[in-house]
2 protein chains.
Amino acid sequence: MYGPSKRTRRATAADVARLAGVSRSAVSRAFTKGTYLDAEKRERILLAAEEIGYRPNALAAGLQGQQSNLVAIFVGDMPNQYDKEAAASLATGLNAAGKWPIMIGGSDAVARAAASRVLSFPLEAMILRSGSLGADVAATCIKMGVPVISSGRIIEQDGVDNICVRNREGMREGVAHLIKGGCQRIAYIGGPSSFSSAPERRAGCLDALGGLELIAECEGLYTMESGYDAARALLKERRPDAFVCANDAMALGAMTYLREAGVCIPDDIALLGFDDIEMSGWPAFDLTTIRNPIDDMVAAITELLHRRAMDPAKEGEVILLDTKLVKRSSSRRLLPDR
Amino acid sequence: MYGPSKRTRRATAADVARLAGVSRSAVSRAFTKGTYLDAEKRERILLAAEEIGYRPNALAAGLQGQQSNLVAIFVGDMPNQYDKEAAASLATGLNAAGKWPIMIGGSDAVARAAASRVLSFPLEAMILRSGSLGADVAATCIKMGVPVISSGRIIEQDGVDNICVRNREGMREGVAHLIKGGCQRIAYIGGPSSFSSAPERRAGCLDALGGLELIAECEGLYTMESGYDAARALLKERRPDAFVCANDAMALGAMTYLREAGVCIPDDIALLGFDDIEMSGWPAFDLTTIRNPIDDMVAAITELLHRRAMDPAKEGEVILLDTKLVKRSSSRRLLPDR
DNA sequence: TTGAAAGCGTTACCAT
DNA sequence: ATGGTAACGCTTTCAA
């Protein structure tokens, strides 16, 4: 039997037209809704198309001047769990919205080169999800006329849309919760200062402290391992009764160390994270944390994409997402929470 | 200023030609290496292009019949860590190889629909990385003339290239290592039978057992949580001295439960995983496991892509990857390992 | 070495 | 409602 698998050339509208005995125009219309076309005829065309495995070539359609629906997502190395979850959800959310996410990632040099080359596509937007680098990539995109959406870090640049979580407010609420629960000797495990989220979260912690001061403090790498190490280092200091961590990965690392060290959580030391990654909700960890809402982030990006498509020349905007304090057992102390 | 009509058109070769005072053909040649073009002229063109932010439109170039360099990656829900790591590395590896990976994911219905729609692009290949579903997606692709590369699960279908790790041999080596270390009462925590890897790994375990029989056995979901639950259930059975887990996520879940239960690893119970995800190598876990080599997988896929491009009509092939036993402390028992 | 012109597969705009 | 015919932006062939 002859079939498309034998064919080396891709089926075109002309092939379908020939097979169905109609014009190429009719084939095009059959695949576009809201066009005038005899119902029976459309049926016949669709059937013929199905038979030879035809569908409109997106390259040609995109060339035609329509929207390409192509979107690039620039992720860094995705060193921690949250980044991976966010990237996965973003890709999924985008293709639920009818967009095609092209992933760009890897170590700096490779990723940067790829990010530049991908601009040869008429992208609807470049989505930046990289903590540290990104600002220069953004500049290239803007120059090429490709809209930029920066997520997780605010890039002050003309025409760049930003979406960011309220790091400071979120952390403030979390630490306030610890204090209301009776914690007084708080140690802070911060993130790398190259990430804009790090100083913001730290500021939120200081806000909540009020008159209090941090018992101790150090800077981690947003990884579990660095949290583990940080906990060990900080435990030597004057006995803290709470560890506030700039993200969940470090908090879980710290938790692992504390358990090994025989420290009871939360009675000896309470623990607070930030992000609410999947693992944190798992009963064996049950970490109190501040939710960095991935679904809201994805929804906001989709919305931004839409608004930009409506008005390509609009001003860049900043969307701030609200966090949500998720109280779990790592902060559930004897003292009642109010 | 005057409204949305401010839209800036993307620069085209004609724009560059005008600016540099050359023909459109020359501009095209300037961006194609191995073409006849005066060096000084090429320089001038490239400069002009840089100035107005031009690069060849990949849509138009792809239409021309060249290779599109577009590749779709179909991932499932990526429920476990290994899937996420694999997907991230794959995307990165592909764009290091000059390919553009379009990610397709999400819950079954949405992902399936997207996978079908993405075929409107002249894809160089559809890469399937989904344990359970995928076979029917593969059929659609083949019908459309899009080559399929299945990773992690062998799809017996004309023209489908497969790449899979030697699950059985790997697990056999791992369990043999436990037995040499003195384990005799082995309990098995398996994966969901809908994944082809599950029965293979189990078979490898049985191979190594020789005359022995499993003390106990249950089926998990390849998630940490299911491993945790499985360990609790199995611990009630006649005291095992080893837990063999079908993947690392479950092994780490089991480890967490065992530690909570005060069981000493590996002295009371040894632990074996499969995959070697990042977390397993972290000192606080230090899980003995069988490496499911992501880098080799990515390299093989790139190679397969290349071979398929060379000969679109070639037979489908099966590449099997070797595992590597990674001995860590979760299996380091008193009895010397031979 | 260079420029003109012919496609590539669509969609959109014409007249029917 | 329908078929013919311009674009769309590029690469490649063909003459020069």
Side-chain angles (χ1 to χ4, degrees), chain A residues 4 7-45 48-49 52-70 117 119-124 144-146, chain B residues 7-45 48-49 52-70 117 119-123 144-146:
Chain A
R7 187 205 316 270
T8 162
R9 188 174 60 82
R10 193 181 152 99
T12 72
D15 298 327
V16 179
R18 208 172 305 126
L19 180 60
V22 299
S23 71
R24 288 191 294 287
S25 304
V27 176
S28 176
R29 276 193 268 266
F31 281 87
T32 317
K33 62 183 62 176
T35 48
Y36 296 114
L37 185 61
D38 183 76
E40 185 269 338
K41 197 174 201 172
R42 161 170 279 148
E43 193 61 30
R44 184 151 41 96
I45 294 174
I52 61 175
Y54 164 82
R55 55 198 79 178
N57 186 328
L59 256 38
L63 230 206
Q64 193 14 245
Q66 289 197 324
Q67 42 181 24
S68 70
N69 287 323
L70 249 18
R117 281 183 300 124
L119 289 174
S120 62
F121 288 90
L123 299 177
E124 219 156 280
M144 294 281 307
V146 173
Chain B
R7 173 192 304 260
T8 41
R9 191 175 54 82
R10 193 183 154 97
T12 71
D15 298 327
V16 180
R18 208 172 304 126
L19 180 61
V22 299
S23 71
R24 289 187 292 289
S25 308
V27 176
S28 176
R29 278 191 265 266
F31 282 87
T32 317
K33 64 183 62 175
T35 48
Y36 295 113
L37 183 61
D38 183 76
E40 184 269 340
K41 196 173 200 172
R42 161 170 280 148
E43 193 61 31
R44 184 152 41 98
I45 294 174
I52 61 176
Y54 164 83
R55 54 198 81 178
N57 185 329
L59 257 39
L63 232 205
Q64 198 43 230
Q66 290 195 323
Q67 41 181 27
S68 69
N69 287 323
L70 248 19
R117 281 183 300 124
L119 289 174
S120 61
F121 288 91
L123 299 175
M144 293 282 306
V146 172

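Every chain is numbered from 1 and lettered A, B, ... according to where its sequence line falls, protein lines coming before strand lines.
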Return yes if some donor-acceptor pair links the side-chain N/O of A:R10 with the main-chain N/O of B:M144 below 3.5 Å, else return no.
no
Hey, does the side chain of B:R42 reach the backbone of B:R29 with a donor-acceptor pair shorter than 3.5 angstrom?
yes
What closest approach, in Å, do B:A30 and B:I45 show between heavy atoms, and which atom pair accounts for it?
CB-CG2, 3.6 Å
On a heavy-atom basis, which atom in B:A48 and which in B:A20 lie closest, and how many Å separate them?
CB-CB, 4.0 Å
What range of DNA chain D does chain A touch, first nucleotide to last, counting atoms under 4.0 Å from its heavy atoms?
D:dA1 to D:dG9
Kindly indicate whether the side chain of [X], heavy atoms from C-beta on, has any atom under 4.5 Å from the side chain of [Y].
X	Y	result
A:L70	B:F121	yes
A:R44	A:D38	no
A:N57	A:T12	no
B:L19	B:Y54	no
A:L63	A:L59	no

Please tabulate the protein-to-nucleotide N/O contacts below 3.5 Å involving nucleotides 5-9 of chain C, giving atom names and distances.
{"residue": "C:dG7", "atom": "N2", "partner": "B:Q64", "partner atom": "OE1", "Å": "3.3"}
{"residue": "C:dG7", "atom": "N2", "partner": "B:Q64", "partner atom": "NE2", "Å": "2.2"}
{"residue": "C:dC8", "atom": "O2", "partner": "B:Q64", "partner atom": "NE2", "Å": "3.2"}

Upstream residue (5' side of DNA chain D) when B:T32 and A:V22 are each assigned their closest nucleotide
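The residue whose closest nucleotide sits nearer the 5' end is A:V22.
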Using five pairs at each end of the helix from C:dT1-D:dA16 to C:dT16-D:dA1 to define an axis, what is the angle between those two axes, to 10°?
40°
Separation of A:Y36 atom OH from C:dC13 atom P, in whole Å?
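In whole Å, C:dC13 P lies 13 Å from A:Y36 OH.
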Around atom CZ of A:R24, are there more than 12 heavy atoms from other residues, nucleotides or ligands closer than 6.0 Å?
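No, not enclosed.
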